[in-house]
Amino acid sequence: MNGETAGSAVPVCSLCSEPSAVFQKLKDRYLCGTHFTADIEQRVMDTIKTREMIAAGDRVAVALSGGKDSTALLLLLSRLLPQWPDVRLVAITIDEGISGYREETIHSAEELTRRLGIEHHCISFSELFGDSLDTILKGRETKACSICGIMRKKALAVGAGRIGATKLATGHNLDDEAQSVLMNVFRGDLPRLIRNSGMDSSGRFIPRIKPLSLISEKEIALYLMLNNAWNVLPECPYTRFALRREVRSLLSGFEYRHPGTMLHLITSKQKIERSCKGSEVSDPLKTCRGCGDPSSGEFCQVCQLRQSRNR
Ligand code: SF4
Ligand code: ZN
């Protein structure tokens with residue numbers, strides 16, 4: 001194994017003689033801060049290129065919540081995108097209206113975009129749907145994340161459309177993606193499991209891209225710390241109701257005992273995706289009778305939510 005300790009307790013980087021910042025179990029090597037940062041940036045670049053996420057002339061909107069994943073995504077893209085000709089970066093923040101939580105993350109998003117010199121747009125649930133998430137959730141807090149997710153997806157699509165974005169980039173990381181695979185298996189939701197979340201072939205949505213999908217949550221945290229972008233922010237008060245929370249703790253236990261588990265889940269999903277290509281696993285898209293957006297049913301999920309509130 002690499003990484004002699006050079007007389008001290010801290011092993012040295014396997015690529016240079018600097019003290020290491022991390023041990024990469026899967027590659028059996030130590031990396032210093034500089035080599036770790038370079039490794040993350042190269043892997044993100046490889047993901048973007050292999051999955052053809054960005055093309056010359058794209059206007060890429062980054063969904064910037066102000067939390068660690070989207071902060072890392074914006075920072076990484078601002079460093080990597082100059083390599084593509086004529087690609088512009090814009091940030092969109094959705095203010096769901098979650099008191100005691102969103103104010104601080106929005107502030108952090110504003111500071112980051114100012115520091116990086118990136119155009120920033122904010123759009124709120126109150127403006128779009130007439131009420132804050134806190135108000136909408138009264139009496140049904142246990143469904144917070146699914147309601148929030150449906151509405152935020154719509155808000156991001158509206159925001160990206162308003163600024164003429166050609167791609168919408170989100171900060172989903174390896175842990176998020178692996179958790180989603182497992183959750184869809186638990187729910188028996190094959191259409192959602194194999195949906196290629198990276199690209200949309202119907203042409204009716206702005207394509208969503210996930211450049212951090214092969215970078216783990218821990219790696220993102222370390223990248224932020226090493227690049228002076230780490231910020232301690234409050235946690236959303238509704239996370240305690242999330243099914244994802246249980247799956248997250250289950251998976252991190254597996255990953256600790258069996259390194260590579262999360263990556264294997266993603267690889268399995270990609271294999272299933274490829275073998276199902278061309279087969280009909282979900283109904284073709286319709287047009288929502290309420291708002292005219294693409295929808296899998298007669299009404300889209302946002303219109304169904306509106307109807308359930310009016311009942
Ligand atoms: Fe929305 Fe749930 Fe995330 Fe809170 S934890 S911001 S409610 S999805
Ligand atoms: Zn090094």
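Order of listing sets the numbers, starting from 1, for every ligand and every atom in it. What you see below is based on every heavy atom in this structure, not just the backbone, and it leaves out hydrogens, waters and symmetry mates.
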- Examine Arg240 relative to Tyr238 and say whether NZ or CZ is less than 6.0 Å from the centre of the six-membered ring and inside a 45° cone about the ring axis. no

- Report yes or no: do Asp46 and Gln42 form a side-chain donor-acceptor pair below 3.5 Å? yes

Numbered atoms and elements of ligand 1 in range of [X], under 4.0 angstrom, heavy atoms:
{"X": "Tyr238", "result": "7 (S)"}
{"X": "Thr239", "result": "5 (S)"}
{"X": "Cys236", "result": "4 (Fe), 5 (S), 6 (S), 7 (S)"}

- Task: Please work out which of the three classes, parallel, tilted or perpendicular, describes the rings of Phe129 and Phe125, given edges at 30° and 60°.
- Result: perpendicular

- atom 2 (Fe) of ligand 1 [closest protein heavy-atom partner, distance rounded to 0.1 Å]: Cys145 SG, 2.4 Å

- Tell me which protein heavy atom sits closest to atom 1 (Fe) of ligand 1, plus the residue, atom name and distance to 0.1 Å. Cys148 SG, 2.3 Å

- Message: Can you tell whether the side chains of Lys218 and Glu255 come within less than 4.0 Å, N to carboxylate O?
- Response: no

- Taking only Lys NZ, Arg NE, NH1 and NH2, and the carboxylate oxygens of Asp or Glu, determine whether Asp39 and Lys27 approach each other closer than 4.0 Å. yes

- Message: Angle at the Zn ion (ligand 2), SG of Cys16 to SG of Cys32, rounded to 10 degrees, please.
- Response: 110°

- Determine, using heavy atoms of Arg152 and all atoms of ligand 1, whether some pair is separated by less than 4.0 Å. yes

- Message: From the N, O or S atoms in His35, identify the one nearest to the Zn ion (ligand 2).
- Response: ND1

- Message: Between His264 (side chain only) and Gly260 (backbone N and O only), is there a donor and an acceptor less than 3.5 Å apart?
- Response: yes

